[in-house]
There are 2 protein chains.
Amino acid sequence: MRDQHASPGIDIDQTQEPKTLVEAAYLRLRRDIIEGIYAPGEKLRVEHLKDQYEVGAGTLREALLLLVTDALVVAQGQRGFRVAPISIADCEDISHTRVLLETEALRQSIARGDDAWEAALVAAFHRLTRAEQKLCDNDDSTTEEWEKCNRAFHEALIAASTSRWIRHFQQILYQQSERYRRVSLFRQPITRDIHAEHHALFDATLARDAARASSILSEHILRTLDAVKRLPVDFFSQRA
Amino acid sequence: MRDQHASPGIDIDQTQEPKTLVEAAYLRLRRDIIEGIYAPGEKLRVEHLKDQYEVGAGTLREALLLLVTDALVVAQGQRGFRVAPISIADCEDISHTRVLLETEALRQSIARGDDAWEAALVAAFHRLTRAEQKLCDNDDSTTEEWEKCNRAFHEALIAASTSRWIRHFQQILYQQSERYRRVSLFRQPITRDIHAEHHALFDATLARDAARASSILSEHILRTLDAVKRLPVDFFSQRA
DNA sequence: TCAATAATTAATCTCGAGATTTCAATATAG
DNA sequence: CTATATTGAAATCTCGAGATTAATTATTGA
């Protein structure tokens with residue numbers, strides 16, 4: 001159901017098809033939660049969802065349990081499941097912790113990254129550039145494509161890090177921040193020049209300038225936080 | 001089944017009794033894995049374990065899924081569950097990541113901790129001191145008691161941290177390091193003066209000396225890593 | 001003797017139904 | 001009118017059996 005490799009390597013193998021109904025339901029549910037189809041704090045009733053996703057009750061429960069690992073769902077004994085709530089305080093926490101982890105991982109990558117890492121990073125940046133060019137033209141359809149490229153780029157940056165655990169935690173936090181990024185982009189499309197930030201980050205990393213790269217990455221992450229802070233406060237009212 | 005509070009607050013409420021069979025099986029299984037009753041890498045067969053723990057197969061599967069969240073169990077689709085493997089490289093990773101997270105959290109605690117935090121810390125240190133005094137006399141029976149006090153002390157240190165996420169990740173890593181600490185303590189009981197380290201850490205923290213406290217905490221964590229490194233290499237051979 | 005294939009065994013994955021608990025609406029007393 | 005208690009419905013938790021898949025052993029051919 002999940003990749004066995006290494007203690008913190010509890011990531012689903014995204015490339016190949018889901019091998020089990022639990023995994024399939026997990027992937028669909030995760031996408032729907034991140035996309036906001038189920039509101040933060042909303043109750044997730046197994047009886048209704050099992051029909052929605054066309055699986056048995058036990059299967060759906062297991063998918064929900066898998067989402068607890070990602071902290072996208074919270075479970076209480078005898079009181080079922082809920083979508084994990086969101087708040088400005090949580091977004092601040094996520095952003096600052098991401099800065100701590102990703103800058104450290106980036107320093108490790110820059111120190112120990114080999115040619116293969118550089119090549120993969122160049123490829124990821126190229127794909128991201130293309131996606132961001134398309135993003136200027138169309139609006140909706142390519143957003144999901146850009147999200148994948150953005151994620152791949154950030155992962156490629158720290159791929160040469162020596163710490164599996166940091167990368168594991170980074171993936172969880174990145175996924176969390178994706179929820180906030182969506183509501184932020186929806187309300188105030190894009191004001192800043194994200195591609196310029198990515199380009200500067202890419203250049204500094206390839207130049208092996210750890211200090212500058214870390215600094216740019218920090219500001220890059222915190223700028224997204226600022227965008228969320230500018231949202232109206234009632235945006236974070238949770239649904240029962 | 002789990003405490004609902006906050007996104008990363010996916011920790012079981014340890015204080016009160018388990019409210020569900022899944023939670024009870026989870027707690028028992030977790031203890032048995034950390035204590036090494038099931039060897040790292042060992043296959044966990046649901047059919048056998050359901051009799052051992054006297055629950056249904058589905059219930060035990062859910063408990064296993066919960067342990068995936070703690071990275072104590074790894075799951076592969078259609079190929080069942082295994083105890084997460086251990087290795088020297090993994091222990092190094094855990095230790096260094098703990099240093100990164102716990103020193104940051106400790107700095108936050110020292111900066112923002114109030115009187116209540118200080119009081120709780122003093123209490124935790126007192127209990128730890130008592131447990132370590134008992135540890136000098138007896139050997140086996142009080143080890144588990146000491147583990148609880150040690151954990152409580154480390155959590156009390158960072159309890160005033162502003163970051164729920166760091167505390168969440170710290171709990172996972174601490175639990176992981178507990179597995180290594182057990183095998184380490186079993187082979188070479190205690191050579192260094194752990195209590196002196198705890199005392200110095202406690203004093204520096206109460207003195208609000210963030211730099212010194214972080215430094216002591218770093219060395220404290222890395223010393224445990226050194227003990228694991230001194231173990232014979234064949235200790236990490238995994239069982240099929 | 002070794003490799004490849006086929007049959008057997010075992011374990012996992014999946015589903016539906018029953019027991020227990022929680023939640024909500026209604027009724028009743030102060 | 002408010003607060004408490006009661007009743008009913010909904011949802012969760014749990015279990016056992018059947019279907020699907022992986023691992024093991026045995027067999028056959030080179």
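Here is how names work: the chains are called A, B, and so on, in the same order as the sequence lines, proteins then strands, and each is numbered from 1. Values below: all heavy atoms of this structure, side chains included; hydrogens, waters and symmetry mates excluded.
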What is the distance, to the nearest angstrom, from the [atom1] atom on [X] to the [atom2] atom on [N]?
| X | N | atom1 | atom2 | result |
| --- | --- | --- | --- | --- |
| B:Lys50 | D:dA17 | NZ | C1' | 11 Å |
| B:Glu62 | C:dT14 | CD | C1' | 13 Å |
| B:Leu21 | C:dT21 | CG | P | 11 Å |
| B:Lys19 | C:dT22 | NZ | P | 9 Å |
| B:Glu23 | D:dT12 | CD | P | 17 Å |
| A:Leu65 | C:dT14 | CG | P | 14 Å |
| B:Leu64 | D:dT14 | CG | P | 15 Å |

For [X], enumerate each residue passing the side-chain contact (heavy atoms from CB on, under 4.5 Å) test, keeping only those at least two apart in sequence or located in another chain.
| X | value |
| --- | --- |
| A:Ala24 | A:Pro18 |
| B:Arg31 | B:Glu35, B:Glu144 |
| A:Glu178 | A:Ile34, A:Glu147, A:Arg151, A:Tyr174, A:Arg181, A:Arg182 |
| B:Ala160 | B:Ser109, B:Trp117 |

- Message: Run the side chain to side chain donor-acceptor pair (under 3.5 Å) test against A:Gln170 and tell me which residues pass, sequence neighbours left out.
- Response: A:Glu102
- Query: In terms of the angle between their ring planes, are B:Phe169 and A:Phe169 parallel, tilted or perpendicular, with boundaries placed at 30° and 60°?
  - Reply: parallel
- Query: For B:Thr59 and D:dC15, is the shortest distance between a side-chain N/O and OP1 or OP2 below 4.0 Å?
  - Reply: yes
Could I get a table of every N or O pair under 3.5 Å where one atom is in the protein and the other is in nucleotides 7-12 of chain C?
residue, atom, partner, partner atom, Å
C:dA11, OP1, B:His48, NE2, 3.2
C:dT12, OP1, B:Val46, N, 3.2
C:dT12, OP2, B:Val46, N, 3.3

